[in-house]
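Note that the structure is a prediction, hence the values are computed from the model and not measured. A note on names: the letters A, B, ... follow the listed sequences, proteins ahead of strands, and every chain is numbered from 1.
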Amino acid sequence: MRSSLYFYPTLKEIPQEAQIASHRLMLRSGMLTQVTSGIYSWLPLGLQVLKKIAQIVREEQDRAGSLEVLMPTIQPAELWERSGRYHDYGKEMLRIKDRHERDMLYGPTAEEVITDIFARFIKSYRDLPKRFYNIQWKFRDEIRPRFGVMRGREFLMKDNYSFDLTLEKAKASYQAMLEAYVRTFARMDLTAIPVRASSGAIGGNLSHEFQIIAETGESEIFYDPEYENLDVNTLTLERLQTLYAASDELHDPENCPVPLEKLKTARGIEVGHVFYFGTKYSIPLGAYVMGPDGKQVPVEMGSYGIGISRLVAAIIEAHHDDRGIIWPESVAPFKVGLLNLNIKDAACTKTCDEFYQKLLQANIEVLYDDRDIRTGAKFADMDLIGLPWQIIISSRSITAGQCEVKNRRTGEKIDLSLEDALKRVC
RNA sequence: CGGGGUGUAGCGCAGCCUGGUAGCGCGUCUGGUUUGGGACCAGAAUGUCGGGGGUUCAAAUCCUCUCACCCCGACCA
């Protein structure tokens, strides 16, 4: 993509409304713009990242034996009356009426919809287990939206729902999701700590929150350093339950099994939540199957969320410096930024154009800054939007047949031939 | 929802106390000089001063109602 054709309205000055690094950087890099409190438009650069994150989540959900569906944003109140949550949910639920004065709502989650689907089609234990997920916009009318997409009202969430015949089998589903989550966050260069959680309003008795470590995290967590070396291949639910991790409200220094000198403390951002909640929805919504003994049994359920739009902000919180964002390669909007420093020099521009084509042919996602602006602005913009690699070509460098390759994370700059530069970023 | 604050050019702000019809920096446009880390000079365009009502000869400024946004708290992917 050529910068001259792209759209990323960067800001030199810090927008007044942004309090935390990720919010400031998302606005300054032109990733998104606020429409109204807690609701944002995603601009091309931000959308690119959002899609990359969603794709990683999708791949790991698929790997864990889940099936993608797409459920609606607007749901009928009637379904929620059946589960009892239409009454319980409170003002966080955005309630609306259609033209027939029928009560509708903008879904904050989808247990009711998926359980209803299950109940209508699946009748036998032989069809279990089933795990369905969907990546869809949700709406929770937060009392006070803040920190950009970190706590928006509208947000993109992956939610997965598991259906099993027994508690034991439900635990296997739960474990499969734990593993999927560990893989998912590792692919985004995040350290994620599954903290045992009280299951809150959704109900149930087995629940972990995935907190990712970032200095600017909203809550303090205490954890066993073993968590930093979690190996997905040996991770089991039992092992997880022997490791200590707690949020500050639940941390009890008196009864902490980890000795004080070993215990680690950090700030965490919650990006995922896994719950087992048994038959809370299957009974009221009629999700029963015929068991092997010929009796109807309500299915055992769990649900598993990942805040995808929040992850965009969380990754920035974990990966930035005073110049801007530092994207992990797996979620970067482009892998390489190509800087033409002498746009008016025909030879330099020719070299850049040709090298740009080579990068495209090599299937490398590249943002080619071919704009007629000052070099300082090009460097500043490129550092701000945080692409992992910068390839800098100037009149000076082409006379030596070289370019400069800069690693955004380390700041390391090396002069290489164009061929070597291409290899370097492949 | 309780408490606090802010709405003035695309962005960041001054002007308000003490009323006289709007200004600064950045950005944008034009010309010139510059050209490896957000340049310089000269010129230009851009405002229902959040909205309604009121006081006054006169309102960005005073009074009043209202809307939006931000911050602190309780709530949450």
On the nucleotide B:A68, are OP1 or OP2 found under 4.0 Å from the side-chain N or O atoms that A:S37 carries?
no
Has the side chain of [X] got a donor or acceptor atom sitting under 3.5 Å from an opposite partner on the base of [N]?
X	N	answer
A:S394	B:G36	yes
A:E404	B:G36	yes
A:R151	B:C76	yes
A:N342	B:G36	no

Using heavy atoms to find the nearest nucleotide of RNA chain B for A:Q19 and A:R323 separately, return the residue whose nucleotide is more 5′.
A:R323
Residue met sooner reading RNA chain B from 5', once A:H23 and A:I14 are mapped to nucleotides:
A:I14
When all nucleic acid strands are considered with a 4.0 Å heavy-atom cut-off, which category describes A:R153: base, sugar-phosphate, or nothing?
nothing
So what does A:E142 touch, heavy atoms closer than 4.0 Å: a base, only the sugar-phosphate, or nothing?
base
Check A:Y281, A:F118, A:F121 against A:F163 for a ring pair (Phe, Tyr, Trp, His ring centres under 6.0 Å) and give me the one that passes.
A:F118
Spacing between [X] atom [atom1] and [N] atom [atom2], to the nearest angstrom:
X	N	atom1	atom2	answer
A:D383	B:G38	CG	P	12 Å
A:F185	B:A77	CZ	P	13 Å
A:I373	B:G38	CD1	C1'	9 Å
A:N134	B:A77	CG	C1'	13 Å
A:Y133	B:A77	OH	P	21 Å
A:E17	B:A68	CD	P	17 Å
A:N340	B:U35	CG	C1'	12 Å
A:I306	B:C76	CD1	C1'	17 Å

Among all residues two or more places apart in sequence or in another chain, which pass the side-chain contact (heavy atoms from CB on, under 4.5 Å) test with A:E412?
A:T410, A:I414, A:R424
Can you classify the ring geometry of [X] versus [Y] as parallel (below 30°), tilted (30 to 60°) or perpendicular (above 60°)?
X	Y	value
A:Y6	A:Y8	tilted
A:H208	A:Y174	tilted
A:Y40	A:H23	perpendicular

On a heavy-atom basis, which atom in A:P284 and which in A:R82 lie closest, and how many Å separate them?
CB-O, 3.5 Å
For B:A77, is there a stacking contact with A:F155, counting only centres under 5.5 Å and planes under 30°?
yes
Can you tell me the Watson-Crick or wobble partner of [N], both distances under 3.5 angstrom?
N	answer
B:C16	none
B:C29	B:G43
B:G7	B:C67

What nucleotide among B:A77, B:A68, B:G38 has an atom nearest to a side-chain atom of A:T36?
B:A68
Roughly how far apart, to the nearest Å, are B:U61 and B:G54 at atom P?
14 Å
